[in-house]
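Here is how names work: the chains are called A, B, and so on, in the same order as the sequence lines, proteins then strands, and each is numbered from 1. Being a predicted model, the structure only gives us computed values, none of them experimental.
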Number of protein chains: 2
Amino acid sequence: MSQKPTGDAPAVTTDWELKRQHILRCAAEVFLRRGYERGTTKEVAQLAGLSQPSIYHYVGSKADLLSALAEHAGRVLSDGLDEAIASTDEPVDRLKAIIRNFIMGQIENIGAWTLYWEEHHSIPAATALTMNTSKARFVHRIDDVVKQCQQCGALPDDTPSGILTEIMLGAIANIYRWYRNDGRYPDEQIVTGAYSLFGLTKVGTSDE
Amino acid sequence: MSQKPTGDAPAVTTDWELKRQHILRCAAEVFLRRGYERGTTKEVAQLAGLSQPSIYHYVGSKADLLSALAEHAGRVLSDGLDEAIASTDEPVDRLKAIIRNFIMGQIENIGAWTLYWEEHHSIPAATALTMNTSKARFVHRIDDVVKQCQQCGALPDDTPSGILTEIMLGAIANIYRWYRNDGRYPDEQIVTGAYSLFGLTKVGTSDE
DNA sequence: CCTACCGATCGGTAGG
DNA sequence: CCTACCGATCGGTAGG
């Protein structure tokens, strides 16, 4: 078990916590390069400048590393959704804010995001369960906005909202697979490209 | 090494070949349920009704199983692309045919397709290399059609074709993650939903 | 935070 | 196509 140090320390970033996060970053790098199963705790330790057993002072098991990383990715996305929904009342603008935040949050955190998808069958069952319910809630909240966009004519209403939602979210969730940090496709252009493709350019003050 | 039986047998399906394909199907099931690394050759053998070492009469290594499955998924998709391109000269109809074949090919072969994505960092380097070049060619050919659709006004031309192509293909490549075989979303509705969302409903005989 | 080490798993081979 | 088995890897613990 990880040996969280004594006391009821508040949100203070202790030395222990800082080192733990350093190890997490190293684990992300190893798992990304080699995959979770092939990547060893020894490699993580080496990258962090520790012996392999020392990792267990900061983490209860190898699987904990992956859980922590996946949960972090989920938290970033979920926070972005809250912010987007709070930013405006107008459905189309809201959907556009959701798309923007989703894309940006993914790109800023592309490592954890990639791990969440590529290694999700190695995520411990307990973590996977809570993350799946979070994800279902996430999709459902967005689906509500999509329905409103259909009502005001900004999205086609000849298709169930669920299909549109999944296609749009799928397109965005997949960006990590082709995104390159070389400036070929600037982030902003990806966002506005998604708006254009989904027909979300004009404001949705329905006049049809 | 796998012991392909004697002779210069043509495309005849020998007993050996039939059993090999049976083992491949079992491997797909095991790898899907457990992941490639966690799934063992023993589990594959049990499911196929063999002892673990017997698998090596049909396959050179555990990794060969994954290679064969991934290559099969790639071939199905590539064939679908050829067919779609051959089906018509008109860019918008061509893009729609591509989307339809991509979606249908993926759904018909959802197991191999899932493995290709979820386990692609376990695919042997040699196989991965050739598949990556095939994939690049695949994307490039579709990008040409997308460019034509932009020129005739069927797709927005304020965004580089590459972004549109990647977003559309990403949306489709991701369907396996939410597709359920319970009829909630009929295949045909997914296809037409994609058309609608991407604004491909009207024929592209440009009159703008 | 380290050295030493254990226990278990698993892919693949030998040899028939 | 099987039994027997090897070699190597690796997560985690002991004990300091």
Side-chain angles (χ1 to χ4, degrees), chain A residues 1-6 14-31 33-69 115 119 121-127, chain B residues 1-6 14-31 33-69 115 119 121-127:
Chain A
M1 207 172 337
S2 62
Q3 308 181 3
K4 199 159 195 169
T6 65
T14 62
D15 270 12
W16 184 86
E17 183 59 31
L18 281 175
K19 192 138 195 178
R20 183 169 188 273
Q21 282 171 18
H22 172 61
I23 292 173
L24 282 176
R25 278 191 298 273
C26 295
E29 190 175 328
V30 169
F31 295 160
R33 195 171 51 232
R34 301 247 304 143
Y36 172 75
E37 297 287 348
R38 304 163 95 93
T40 67
T41 53
K42 193 180 171 188
E43 291 171 294
V44 175
Q46 265 174 358
L47 196 61
L50 292 173
S51 73
Q52 179 256 347
S54 299
I55 285 187
Y56 291 87
H57 282 270
Y58 300 93
V59 125
S61 68
K62 186 189 182 189
D64 282 357
L65 293 168
L66 188 58
S67 286
L69 291 166
L115 280 178
E119 305 297 346
H121 52 56
S122 296
I123 295 176
T127 311
Chain B
M1 213 181 317
S2 61
Q3 307 181 2
K4 201 159 195 171
T6 65
T14 61
D15 271 11
W16 183 86
E17 183 59 31
L18 281 176
K19 192 136 194 179
R20 183 171 188 273
Q21 282 171 19
H22 173 60
I23 292 172
L24 282 176
R25 278 190 299 272
C26 294
E29 189 175 329
V30 169
F31 295 161
R33 194 172 51 231
R34 301 246 306 141
Y36 172 75
E37 297 287 349
R38 302 164 97 92
T40 68
T41 53
K42 193 180 172 187
E43 290 171 295
V44 175
Q46 265 175 358
L47 197 61
L50 293 174
S51 73
Q52 179 257 346
S54 298
I55 285 187
Y56 291 86
H57 282 272
Y58 299 93
V59 125
S61 68
K62 186 189 181 190
D64 281 357
L65 293 167
L66 188 58
S67 285
L69 291 165
L115 280 177
E119 305 295 347
H121 52 57
S122 295
I123 295 176
T127 312

[X] [atom1] - [N] [atom2] separation (whole Å):
X	N	atom1	atom2	answer
B/His57	C/dG12	NE2	C1'	12 Å
A/Gln46	D/dG11	CD	C1'	15 Å
A/Leu65	D/dG12	CG	C1'	13 Å
A/Gln52	D/dC10	CD	P	10 Å
B/Arg38	D/dC10	CZ	P	15 Å
B/Tyr56	C/dG12	OH	C1'	5 Å
B/Ile55	D/dC1	CD1	P	11 Å
A/Tyr58	C/dC2	OH	C1'	12 Å

With heavy atoms under 4.0 Å as the rule, sort A/Ser51 into base, sugar-phosphate or nothing. base
Any side-chain heavy atom of B/Thr40 sitting closer than 4.5 Å to one from B/Glu43?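 B/Thr40 reaches B/Glu43 side chain to side chain.
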With heavy-atom distances below 4.5 Å as the criterion, would you say the side chains of A/Leu50 and A/Lys19 are in contact?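 Yes, their side chains come closer than 4.5 Å.
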CG of B/Leu65 to CG of B/Leu115: how many Å apart, nearest 0.5 Å? 10.5 Å
Nearest heavy-atom neighbours spanning [X] and [Y]:
X	Y	value
B/Val44	B/Ile55	CG1-CD1, 3.8 Å
B/Glu119	A/His121	OE2-NE2, 2.6 Å
B/Ser122	B/Tyr36	CB-CD2, 3.4 Å

Counting side-chain heavy atoms from CB outward, which of C/dC2, D/dC10, C/dG12 is closest to A/Thr40? D/dC10
When you measure from the side chain of B/Ser54, which nucleotide among D/dC2, C/dG11, D/dG11 comes out closest? D/dC2
Below 4.0 Å: OP1/OP2 of D/dT9 and any side-chain N or O of A/Lys42: no
Salt-bridge contact B/Arg25-B/Glu29 (side-chain N to carboxylate O under 4.0 Å): no
More 5' along DNA chain D: A/Pro53 or A/Arg34, using each one's nearest nucleotide? A/Arg34
Stems in DNA chain C: runs of 3 or more consecutive Watson-Crick or G-U pairs, distances under 3.5 Å?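 Output for stems: C:1-16 with D:1-16.
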